[in-house]
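All values reported here derive from a predicted model rather than from experimental measurement.
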Amino acid sequence: MEKGKLYWLTGLAGAGKTTIGTLLCDEIRRRKPNVFLLDGDVARWAFNDLNGYTREDRKAIAFRNGRVCKMLTDQNIDVVCCTICMFDGIREWNRKNISNYREIFIDVPIEVLIARDKKNLYSGAKDGKIQNVAGFDVNVELPKSPDLRIVNDSSETPKEILKKILRAFPEFDGWEVNET
């Protein structure tokens with residue numbers, strides 16, 4: 001049986017993973033009905049992981065997300081997964097166990113993340129009101145060799161970034177972005 005593809009969008013909180021991932025999922029869905037969006041925050045809610053932000057909790061959650069993605073791709077469902085995934089070991093597991101794995105690192109300078117701060121994570125961490133913020137007071141293993149690295153420093157729109165993703169992978173050859 002043919003297997004689905006996994007587009008693993010990773011980056012720190014506020015990097016734009018969900019915005020870009022949703023656009024990618026919508027674009028794939030225009031051509032293939034079997035596509036699933038797995039957002040890290042929504043997965044936490046669905047699996048009742050709202051309070052788990054220790055390093056061990058994060059690792060267990062990230063491995064679970066990888067296994068769920070494998071289960072879906074094994075059934076020929078494309079998956080767009082938007083997750084911080086701060087561990088090299090999980091990305092290595094994905095690469096080894098998911099045959100159509102595409103790793104997309106949404107890289108954003110910390111100054112830009114602090115300026116965006118939609119969830120007030122970084123300002124809360126600076127003030128000491130919030131702890132365990134990945135990339136701020138929690139060490140993150142950033143991807144060393146992603147299939148695609150996108151710098152999302154606000155110089156491009158999410159649709160422009162989507163176009164870069166579509167140009168980067170052969171399965172999207174000839175695809176035009178839906179501008180509506």
How close do [X] and [Y] get, heavy atom to heavy atom, and via which atoms?
| X | Y | result |
| --- | --- | --- |
| Phe172 | Leu166 | CB-O, 3.2 Å |
| Gly21 | Val80 | O-CG1, 3.5 Å |
| Arg58 | Phe87 | C-CE1, 3.8 Å |
| Glu2 | Asn76 | O-CB, 3.2 Å |

Under a 3.5 Å distance rule, please check whether [X] uses its side chain to pair with a backbone N or O of [Y] as donor and acceptor.
| X | Y | answer |
| --- | --- | --- |
| Thr19 | Gly16 | no |
| Gln75 | Leu72 | no |
| Asp107 | Ile150 | no |
| Lys70 | Ile98 | no |

(message) Among Arg29, Lys3, Lys32, exactly one meets side chain to side chain donor-acceptor pair (under 3.5 Å) together with Asp78. Which residue is that?
(response) Lys32
Got [X] and [Y] here, is their nearest side-chain heavy-atom distance under 4.5 Å?
| X | Y | value |
| --- | --- | --- |
| Tyr7 | Leu24 | yes |
| Asn100 | Phe169 | no |
| Arg116 | Ser154 | yes |
| Ile161 | Pro158 | no |
| Ile84 | Thr10 | no |
| Val108 | Leu12 | no |
| Leu148 | Pro146 | no |

(request) Indicate, with yes or no, if Ile110 and Val140 share a hydrophobic cluster defined by side-chain heavy-atom contacts under 4.5 Å among Ile, Leu, Val, Met, Phe, Trp and Tyr. (result) yes
(message) Please tell me whether Leu142 and Leu113 are part of a single hydrophobic cluster in this structure, the criterion being side-chain heavy atoms less than 4.5 Å apart.
(response) yes
What is the distance from atom [atom1] of [X] to atom [atom2] of [Y], rounded to the nearest 0.5 Å?
| X | Y | atom1 | atom2 | value |
| --- | --- | --- | --- | --- |
| Arg91 | Phe105 | CZ | CZ | 8.0 Å |
| Leu38 | Cys69 | CG | SG | 5.0 Å |
| Leu6 | Glu103 | CG | CD | 9.5 Å |
| Asp39 | Leu37 | CG | CG | 6.0 Å |
| Arg95 | Arg102 | CZ | CZ | 10.0 Å |
| Ile165 | Asp147 | CD1 | CG | 11.5 Å |

(request) For Lys96, look at atom NZ and say whether over 12 heavy atoms of other residues, nucleotides or ligands are found less than 6.0 Å away. (result) no
(request) With sequence neighbours excluded, tell me which residues meet side-chain contact (heavy atoms from CB on, under 4.5 Å) with Arg30. (result) Glu27, Asn178
(message) Taking the basic N atoms (NZ, or NE/NH1/NH2) and the acidic carboxylate oxygens, is any pair closer than 4.0 Å for Lys5 and Glu171?
(response) no
(request) Quick one: sort the Tyr101 and Trp8 rings into parallel, tilted or perpendicular, breaks at 30° and 60°. (result)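 Plane angle between 30° and 60°, so tilted.
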(request) Test Glu156 against Lys164 for salt bridge (Lys or Arg N to Asp or Glu O under 4.0 Å), laying out the working first. (result) CA-CA 10 Å; Glu156 296 176 298; Lys164 279 186 172 181; 3.0 Å; yes
